There are 2 protein chains.
Amino acid sequence: MSSPAPAGKAPAGAGRPGGSVSGKDVRLAAETWESLFRSQVAVMRRLQAGPAFKKLPVNEYDVLFTLARCPTGKLRLNEINDHVLLSQSSLSRLVDRLEKRGLVERSTAPEDGRGILLGLTEAGLELQKDIGREHVRDIAELLLPALTAAEQQELMRLTEKLRAKLPD
Amino acid sequence: MSSPAPAGKAPAGAGRPGGSVSGKDVRLAAETWESLFRSQVAVMRRLQAGPAFKKLPVNEYDVLFTLARCPTGKLRLNEINDHVLLSQSSLSRLVDRLEKRGLVERSTAPEDGRGILLGLTEAGLELQKDIGREHVRDIAELLLPALTAAEQQELMRLTEKLRAKLPD
DNA sequence: CCAAACTAGATGCATTTGCATCTATCGCAC
DNA sequence: GTGCGATAGATGCAAATGCATCTAGTTTGG
């Protein structure tokens, strides 16, 4: 909140070079978000129903996945929290559960005594890869018949751009 | 489960006319989904943080919204359930809460004694419009600076196509 | 017409979630 | 250095969620 503009009431046309925002623009944005949201829900519902997530809830898998894809293999809890749609406290307890199951390990962060570094254990990596294989198959089964490769490329490009241009 | 194909193990290349599925295809699909998912999470996180959803949790607003946009104004609970990422029992209790607050009304479905029709009350419609206005503003503030109108159109087209082509 | 299988929705109960708060560390001003 | 606001996580507790199950109405097969 260091912007000079009044919080929560950005001037119309913010971010558009000299343009003003029409009702049409606003409606298009709302419809686009609605569509993005619904398709995400629809795909997620089907993925969750698959057998891959009987072993581990989606949110918990997502943490394992995030750690597995990270180059260093370890992440701070607050970094993970940015990735996941969960409150800080929920993530803390989710990590408790993963730790109790021996899938991850907490370690204190060097250079910051407050921070906690989270890393996968051998078992955690194993389980992630196991679920991951099945998960990827399920995804492909849903997306391949629906969109061409070019369309998938474009969808990826647009969602990446959207995410990159979000504030903060 | 009436398909002759073995459940959970559709033949490679299902839905693609004569094509086979390469590892590349599978990877692209997985990356596309990942990107779609993350951008949805990122946008949703920011929307949830806004003041619009202090009055009503997102899931509950979503039900009001779904009812408001429905032509007849009334929907069966199971229809609503398809729209929302919630279990049947959770939706049932969510509707309990909305009903207790006087925002919706249950009525028995004609032609099916098991079914429940859900409709907005006057207060429910009012609140939906109220939150909706602010919500739409927030969405526009996030999307307009990130994507051009043409890009939004394309994103909407792709997500609609994806959703339309999902099984069942 | 009746019984068995199926579907829509509600409910008991354990688990998960979020809000508010607490503790500990950090960083900055003085 | 000392104090003070900010940040990283953990925790108490109430509320929300999901699974399994239950009830009731519907459809199907004989």
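We name chains A, B, ... by the order of the sequence lines, and we start the count at 1 in each one. We use all heavy atoms of the structure for the numbers below, so side chains are in, but hydrogens, waters and symmetry mates are not. Quantities reported herein were computed from a predicted structural model and do not represent experimental measurements.
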Heavy-atom pair with the smallest gap, counting every atom of A/Arg46 and A/Ala42: NH1-O, 2.9 Å
Base D/dC19 paired with B/Ser87 side chain (donor-acceptor, <3.5 Å): no
Gap between atoms CG and P, on B/Leu75 and C/dA8 respectively (whole Å): 14 Å
Per A/Arg114 side chain, nearest of listed nucleotides D/dT26, D/dC19, C/dT25: C/dT25
Closest listed nucleotide, where the reference is the side chain of B/Leu94 and the choices are D/dT17, C/dT11, D/dG9: D/dT17
Whole-Å distance separating the CG atom of B/Leu86 from the P atom of C/dA8: 17 Å
Rounded interatomic separation in angstrom, taking CG from A/Asp82 and P from D/dA8: 9 Å
Comparing A/Arg106 and A/Lys54 on DNA chain D - which has the more 5′ nearest nucleotide: A/Arg106
Protein-nucleotide distance (A/Leu91, atom CG; C/dT17, atom P), rounded to Å: 10 Å
Donor-acceptor pair, side chain of B/Ser92 and main chain of B/Gln88, under 3.5 angstrom: no
Below 4.0 Å: OP1/OP2 of D/dA8 and any side-chain N or O of A/Asn81: no
N/O (side chain, A/Asn78) to phosphate O (OP1/OP2, D/dG9) under 4.0 Å: yes
Minimum side-chain heavy-atom gap B/Arg38-A/Thr159 below 4.5 Å: no
Sugar-phosphate only, base, or nothing, as touched by A/Asn59 at under 4.0 Å among non-hydrogen atoms: sugar-phosphate
Interatomic distance where CD1 belongs to A/Ile116 and P belongs to D/dT11 [whole Å]: 11 Å
Distance, rounded to the nearest Å, where A/Glu60 contributes CD and C/dT15 contributes P: 13 Å
A/Met156 with B/Leu155, same ILVMFWY side-chain cluster at under 4.5 Å: no
Nucleotide C/dT7, atom C1' - distance to CD of B/Glu79 in whole Å: 14 Å
A/Thr108 side chain vs A/Ile116 backbone, donor-acceptor pair below 3.5 Å: no
Phosphate contact (D/dG18 OP1 or OP2) by B/Ser90 side-chain N/O below 4.0 Å: yes
Nearest-nucleotide pick for B/Arg76, side chain only, options being D/dA8, C/dG9, D/dA10: C/dG9
No-H, no-angle donor-acceptor pair, A/Ser92 side chain to D/dG9 base, under 3.5 Å: no
N-O pairing of B/Glu34 and A/Arg69 below 4.0 Å: yes
First of A/Glu111 and A/Leu85 reached from the 5' end of DNA chain C, by closest nucleotide: A/Leu85
Whole-Å gap separating P (C/dA10) and CZ (B/Arg97): 13 Å
OP1 or OP2 of D/dC13 under 4.0 Å from side-chain N/O of A/Arg93: no
No-H, no-angle donor-acceptor pair, A/Gln88 side chain to D/dA8 base, under 3.5 Å: no
